[in-house]
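Worth saying up front: this structure is predicted, and the values here are computed from it rather than measured. Labels below follow one simple rule: chain letters A, B, ... track the order of the sequence lines, proteins then strands, and each chain is numbered from 1. As a basis for the values below, the full set of heavy atoms in this structure was taken, side chains included, without hydrogen atoms, waters or symmetry mates.
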Amino acid sequence: MKVVTGVVGNDIHVVANRLIDISLEERGFEVFNLGVNTYLEEFMDAVIETDADVLLISSLNGEAEGWCRDLKILKSQYDFRDVVFMIGGNLGVGEMDPELIVPKFRNYGFDLVFHQVDLNEGLDRLEATLEARK
Amino acid sequence: MKVVTGVVGNDIHVVANRLIDISLEERGFEVFNLGVNTYLEEFMDAVIETDADVLLISSLNGEAEGWCRDLKILKSQYDFRDVVFMIGGNLGVGEMDPELIVPKFRNYGFDLVFHQVDLNEGLDRLEATLEARK
Amino acid sequence: MSLLQREREIIVSNEYIDRFDFEEVEEFIKGASKNLFISHTFKTTDHMLVQPRGGFPTYNKVFQLYKEFKEAHVDVLPLTIDSNTRLNDYASAKKMLALSEENDVDMLNGYPLVNHGYRTTRKMITHYDTPVSLRHGTPDARLLIETALASGIFEIEGGPITYLLPYSKNFPMDKAFLYWKYVERVCAKYSELNEPINRESFGPLSATLQPPAIVIVIQLLEMLLSLEEGVKSFSVSFSQTGSMLQDIVSSNVIKKLSRKYADRFGHEDATINLVYHQWMGAFPYNKEYSDSLINTSTVIAAMVGADKIITKTRNEAFGIPTKEANAMAVANVKYTLGMLKGLPTVSDEEEEENLTNEVDEILEAVFNDGADTLWRKVFNSIKKGYVDIPFSPHIINANEVITIRDPQSNIRILKKGKLPISDRSFAFERSKIKLAEGERVVDKIIQDIGIML
Amino acid sequence: MSLLQREREIIVSNEYIDRFDFEEVEEFIKGASKNLFISHTFKTTDHMLVQPRGGFPTYNKVFQLYKEFKEAHVDVLPLTIDSNTRLNDYASAKKMLALSEENDVDMLNGYPLVNHGYRTTRKMITHYDTPVSLRHGTPDARLLIETALASGIFEIEGGPITYLLPYSKNFPMDKAFLYWKYVERVCAKYSELNEPINRESFGPLSATLQPPAIVIVIQLLEMLLSLEEGVKSFSVSFSQTGSMLQDIVSSNVIKKLSRKYADRFGHEDATINLVYHQWMGAFPYNKEYSDSLINTSTVIAAMVGADKIITKTRNEAFGIPTKEANAMAVANVKYTLGMLKGLPTVSDEEEEENLTNEVDEILEAVFNDGADTLWRKVFNSIKKGYVDIPFSPHIINANEVITIRDPQSNIRILKKGKLPISDRSFAFERSKIKLAEGERVVDKIIQDIGIML
Ligand code: B12
Ligand code: B12
């Protein structure tokens, strides 16, 4: 299974990104890590180019919302039906209510949304989703 | 002006008592300090014996209520009309609502009740009361 | 039947308690879980033990309190006794307990252990299977301690000096010595059955401007009086002074001297532990500041290398803390101790030399008293003002020693009263003090009491 | 017109800003209140200055934030810039600012200073008449700094290394050096008009397992690059390592070496200050624990004797703190610093010697590079991996140095990559490390990142 990952927008928090890379490798994924400071368009291009199964976006600095609201438009330009769109980290500026933030990002077009959720829990959920899709 | 003071009941917190002694002296009162661990009866006897104008009771360890509920009965046994009855310190076990605790002690027969009020503020109020009574 | 046993029979025949079954108690202690003995925990743990303060009038409230503490990973549970029981006023305690139970309002500031009795209390102690420390402040603690030990409480705080001078107005001191001798003996006796019962002295005293020299002298004297009766596990203690350096110096000196004097009196086999009390003086009326104060105390405790820390709560200035506030304090202290790493070893030669000298000088004067037994020497020394603590409510205390803080907040001796310290030691104390032009000592004292406000 | 001035004219002619009036700005700085200059506050205060972090998208929210801070007796106000502005993406910043203003939701993680402009911002700065420190993380900060100085912000954080390696993925480093040279020059120029503008380097770097030797090397290099251009007041900084001793050792060494190297390069007249950052790594998801962590940082800051402390809040793990939480943190830190007394002077000869050697060794290698100017030497050294920080997102960083914690939580160098430290120094590092049988380095690193959780 191929995963494209990275940190979206003008966000340079790299620590989680490094750990995500390691964790995905350990779980047997083939990882294409675009690193920090990656724009949505770059992610989409990489997914197409690598024919990835999963796009796993991180955002830590709180600015995810501004960078992800156009996902629907970008998704409509190509057939991404088989790709799992996933986002996690710290998805808002200030302390956020997960009850409000999760639906918002699902509405932008993410299949799996994890606001301040443990990485392993998130990756377990990803594997379960992939399993179910088989 | 004569003041009888001390700490009521099985309470041995002496620090405030020492400071009260000093402060009263400085304000020109004649002080009879019975110290800590003094029972209500002892206070009443001392007031009668010294012909005091003020009875200033401290309580810090939270047990004042149990020791002061009989004040009314004791007051009825003698003519204390000219004596100002005053109590202060920490007047309940646990964190207390002053709105509830002040009326309770007034009802026991205290003219002036200070729960967690600064000593100087209390003594200012005492002097104002004495002034008004003249 | 030994004299002691005869006295014990009398002590426990009290109208406020049920029949006391010594044999059953002995059996219980013999078979008691090692986890109830703090002396065992000290031996088998390498981190600092955390113990809060706490006690409520009713059994149920204490049970709930312990539950909260356990969830916060407490190491040692406290059982704080109400102040009527402390003064052997079981009648008032009974009345207030009844009122507390009926009205669901706490009319006592602690647990009236004697009135509850050991049969009931033991259920709770064994249920939690965690060491419990008895905190009281009782000059005549004979019945209380019998009840505590029978309940499974295997650490007993206090002593004839530390639970008298700060805790009583006129309880006769000679009696206090004899009653505590009784306590030591009972503890020593039970110590032979299983793990040792740990005795702990109460170093904070009146918690107000106590000079380290006097604190340490009293700690060492109570330690010797206890070991003399056969106790094998003893904790000396002191509380945060307000100066980090003075805490470190006190710790270094008390560790060194407690071992030295224990050995000198032939108690090489006794274990001596060090307990640090978080700030025991007046707390700020601001819960956030109180948290900051408590955390700072924790850091200092780690720096002084205590074996156990006794915690306060953010409610301190307001009243007996709720169980939630108390458990939260424990959790925070545990967190800090867990993450605090790389502690440097600090010492200050000059300060430590001076403090050691002062303690040695006072102890020498005590030991030189003409009386035949140690307790009488100590008793006489207190009467003579050789041992004299600031802010004691007790009539026997000389009240001549006056202390204030130096610019670094170290507590220094301004007036030495009858303290038998050398001119050199006293000159050292005085040399540190800086009183501003025209500053009144009483104002300085008031300010120095309130340094944490 | 000088070359610099010509560049300045171009820089400020940006579609996102109003006309920039250099003459007026010069007049303003000439006559500005001394209270706005932290360099002046450093000179005239003897307590540690307290500075929080903080910035919101809109003017009003920052104004309210400052109000809260002032009520908490803050010493230095922060102005934290949003991450679009940091990456010179003024268009996104503008869009997000508009959205934030319309919807009353913060769409930016800081204040977009360039978009707000200096005329508006200056009103706020002069209103509070308190030093403001600019916190950004911008490799090309030319326009930002022009705007800041014109606004009355007289402390500028950052530098070509510390604001690049942790803050950028692929911004060209040579450009960063040149752009920062511009910043230094502008600061130096304005420093002649009134009190000096203070420059501060950002010691925390990526805030994750940064070895003190590399942190100090980078601090000293940025200091020298800044003094070289005429800056007269400079702050070096580092953040809590996780080991109290390592913090103290770092402080002792950086104080000594910053003076030594400044003097060696002929900057005897420059003032060097030390700034301590409260824990900059991952915070616990428990606000009480965060309070404890913050308080512990404060105690350590006092022990290391910093001139300024930069605070965190109990909200750190959750997101940008509310103004209330932020002000409360300031009040708590001020309380602790006020009551904390009797701080011992601590040092560790062996550790300090080793750290000094490492720093000297790396700096020697940098100075020995063949390039003609200091910035080129530094640039080459980073390219060669002589200076290499763990967890940098930047492509130029060698990423070969691997660090883990020893049992006392000191950060130690496990793999030295191309670091030009001697075998002896490296052996010292390695000698402290204890990896358990079969323990994987990656697991140890994950654990060592999360020591405060
Ligand atoms: C020092 C101290 C001790 C020392 C006392 C030494 C001594 N002999 O004096 C020691 C350690 C021995 C001690 C023992 C106990 N203490 Co104590 N102690 C304190 C502490 C920390 C400070 C008290 C102090 O000296 N403050 C400094 C003086 C100057 O301030 P003050 O006492 O508050 O008095 C000021 C005001 O109240 C006011 N004031 C006082 N009286 C009056 C009267 C009037 C008319 C007015 C206007 C004002 C006024 O003016 C004073 C000067 O500003 C307080 C908590 C706190 N406040 O921080 C607990 C505290 C008072 N203790 C408490 C308790 C319960 C006890 C114990 C029962 C043990 C226990 N269960 O924890 C025993 C008491 C045994 C007994 N028989 O009473 C509780 C009381 C609980 C409650 N009210 O709900 C407190 C509040 C702690 C707590 N939160 O649990 N204690
Ligand atoms: C270290 C740090 C930095 C370092 C980063 C160095 C670097 N290059 O990586 C420095 C100091 C440079 C920095 C800078 C900034 N930071 Co910062 N930083 C932190 C801090 C303290 C720790 C982050 C970290 O490394 N954690 C350790 C890693 C392992 O944990 P993590 O990042 O939380 O990731 C875990 C989970 O989130 C999850 N996860 C992450 N991604 C995903 C994805 C999925 C799918 C799943 C399931 C899970 C998951 O798994 C990870 C492993 O457990 C956090 C606060 C905190 N969390 O304690 C602030 C924080 C993230 N930073 C923040 C901000 C705002 C900034 C700045 C803008 C400066 C500022 N205004 O304060 C700049 C960013 C500039 C930019 N362009 O983005 C804010 C974000 C605000 C918000 N969300 O509301 C935080 C929360 C601090 C705060 N409370 O204000 N920062």
Nearest-0.5 Å distance that lies between atom NE2 in B:His13 and atom OH in C:Tyr167 = 8.0 Å
Shortest non-hydrogen pair, C:Phe318 vs B:Glu95, comes out as CB-CG, 3.8 Å
Would you mind checking which part of C:Thr322 comes under 4.5 Å of any heavy atom in chain B, side chain (CB onward), backbone (N, CA, C, O), both or neither?
-> neither
In this structure, CG of C:Asp443 is separated from CD1 of B:Ile22 (nearest 0.5 Å) by 9.0 Å
Measure distances from C:Pro393 to the heavy atoms of chain B and classify the residue's part below 4.5 Å as side chain, backbone, both or neither.
-> both
Report yes or no: does B:Gln116 contribute a side-chain atom to a donor-acceptor pair with the main-chain N or O of C:Ala317 at less than 3.5 Å?
-> yes
Top contributor to chain B interface from C:Met96, C:Arg86, C:Lys95, C:Lys169 [non-hydrogen pairs under 4.5 Å] = C:Lys169
Below 4.5 Å from any heavy atom of chain B, which atoms of C:Asn315 appear? Answer side chain, backbone, both or neither.
-> side chain
Interatomic spacing from NE2 in C:His394 to CD1 in B:Ile12 - rounded to 0.5 Å = 11.5 Å
Is there a donor-acceptor pair under 3.5 Å between the side chain of B:Glu63 and the backbone N or O of C:Met107?
-> no
Can you establish whether the number of heavy atoms outside B:Glu49 located under 6.0 Å from its atom CD is more than 12?
-> no
For atom NZ of C:Lys415, is the number of surrounding heavy atoms from other residues, nucleotides or ligands below 6.0 Å larger than 12?
-> no
Per-residue tally against chain B (heavy atom, under 4.5 Å) across C:Ala207, C:Ser392, C:Gly137 peaks at C:Ser392
Does CZ in B:Arg125 sit with more than 12 non-hydrogen atoms of other residues, nucleotides or ligands closer than 6.0 Å?
-> no
C:Leu99 portion near chain B, given a 4.5 angstrom heavy-atom threshold | side chain
Take atom NZ in C:Lys94; do more than 12 heavy atoms of anything else shown fall under 6.0 Å from it?
-> no
Segment of C:Ser83 engaging chain B (4.5 angstrom heavy-atom cut-off) | both
Should we count CG of B:Asp82 as having more than 12 external heavy atoms under 6.0 Å?
-> no
Atom CG in B:Asp118, atom OH in C:Tyr285: separation rounded to 0.5 Å?
-> 9.0 Å
Contacting region of C:Asp89 [heavy-atom separation from chain B under 4.5 Å] = side chain
Is it the backbone or the side chain of B:Asn90 that comes under 4.5 Å from a heavy atom of chain C, or both, or neither?
-> side chain
Picking from C:Asn399, C:Asp82, C:Val442, C:Asn170, which has the most non-hydrogen pairs under 4.5 angstrom with chain B?
-> C:Asn399
Which of the residues B:Asn61, B:Leu19, B:Asn17 is involved in the greatest number of heavy-atom pairs with chain C at under 4.5 angstrom?
-> B:Asn61
Tell me, out of C:Leu108, C:Asn84, C:Thr208, C:Asp106, who's got the most heavy-atom pairs with chain B below 4.5 Å.
-> C:Asn84
So what's closer than 4.5 Å to chain C heavy atoms on B:Leu91: side chain, backbone, both or neither?
-> neither
Can you say whether C:Pro390 sits under 4.5 Å from chain B via the side chain, the backbone, both, or neither, judging by heavy atoms?
-> neither
